[in-house]
Structures are given as structure tokens and as C-alpha cells.
Amino acid sequence: MSDRFGFKPDMDVFKMFSDFKMPSMPAVMPDMEALAAAQRKNIEAFSAANRVALEGAQAVARRHMEILQASVAEMTEAMKGFATAEAPQDKAAKQAELAKSTYEKAVANLQELADLIQRSNAEAISLLNKRFAEAMDEVNSIVAKHG
């Protein structure tokens, strides 16, 4: 039994593919060892960039935790200061000063965290850009050999 595409159930597909031979094209075929080495370098570059990004994320998380702990300690002290009996005007002035200093610290802390993230990302991207430039040089040398 066969279908309109010529497939026969008793056809030996493995034999058909084993008989298939690739044409010999040494001038066109790339150097497989060079390609493997290039891919190995690409993987190493991605791994290094990933490591740098991970270390940066860990540094940001550590610093964020330090900031959070300091903020909680400062708030605890501020709340103790509000517990003392003072005139309402004095309490309002303290609250306004606390709000102002808290806002300024929050902005400074956010800027510090943003700078940490920026440095980490810049370092990771730098590693990838360097590898990309090397890869383009490798492509140019392969093309020059065969061209």
C-alpha cells in the first residue's frame, strides 16, 4: 500500500539516510574546531556576565537590607522621642523634621541602590561587548581565510 507521496510502509528510512552523502566542499565548510572554540568563548562570556550580574544583585540586596535595618532603628528611636509629653506645636515640628529627613534619606538610599545596579549592569554589558568584538574579529579572520 502506498500513498500519493510515494511513501511505502516497508521503506527502510535508516538505509535511505545512511546512503545519503554530503558533498565535499572544503572551501565552503567552516573550521568546526574554530566554531566550537568560538561557542565555548561565547558561553564563558555569558557565564562571566551572569556571575557579575548575580554578584551585583546580591550586593544590592545586602545594601537594601542594611538600609532597611537602619531605617527601622531610626524609626524606633523617633517613636520613642514622640512618646514624651511635649506641647503639640513641638510634636508637629518634630514630625515635620522627621518627615523631611526621612524623605532625604530615602532619596539618597534609592540613588545609592540605583548606582550599584548601574555599575553591575555596566560591568556585565562590558564583558558581553568585549566578547562580541572578539567574535566579529574571529568571523573576519574566517572569512579572510576562505575569501
Got a sec, which residues hit side chain to side chain contact (heavy atoms under 4.5 Å, CB included) with Ala45, two or more places apart in sequence or on another chain?
Arg131
With Glu104 via salt bridge (Lys or Arg N to Asp or Glu O under 4.0 Å) - residues at least two apart:
none
I need the full list of side chain to side chain donor-acceptor pair (under 3.5 Å) pairs touching residues 64-82, with sequence neighbours left out, sorted by first then second residue.
Arg63-Glu66, Glu74-Lys105
For Lys130, give me all partners under salt bridge (Lys or Arg N to Asp or Glu O under 4.0 Å), at least two apart in sequence or on another chain.
none
Just checking Met79: does its CE atom have more than 12 heavy atoms from other residues, nucleotides or ligands closer to it than 6.0 angstrom?
yes
Side chain to side chain contact (heavy atoms under 4.5 Å, CB included) filter on Asp115, not counting sequence neighbours, yields Gln111, Arg119
Closest heavy-atom pair, Gly56 versus Ser120, reported as atoms and distance to 0.1 Å, is CA-OG, 3.3 Å
From Gln118 CD over to Ile125 CD1, what is the distance, rounded to the nearest 0.5 angstrom?
10.0 Å
Does the side chain of Ile43 reach to within under 4.5 Å of the side chain of Arg40, using non-hydrogen atoms?
no
Does Leu116 sit in a hydrophobic cluster with other residues, and if so which ones, taking ILVMFWY side chains as linked at heavy-atom separations under 4.5 Å, directly or through other members?
Val60, Ile67, Leu113, Ile117
Would you list the pairs meeting side chain to side chain donor-acceptor pair (under 3.5 Å) in which at least one residue belongs to residues 43-56, sequence neighbours left out?
none
Within this structure, what is the CZ-CG distance for the pair Phe132 and Asn42, rounded to the nearest 0.5 Å?
10.5 Å
Listed by chain and number, what are the side chain to side chain contact (heavy atoms under 4.5 Å, CB included) partners of Asp90, not counting sequence neighbours?
Glu86, Ala87
Members besides Tyr103 in its Ile/Leu/Val/Met/Phe/Trp/Tyr cluster (side-chain heavy atoms under 4.5 Å):
Val107
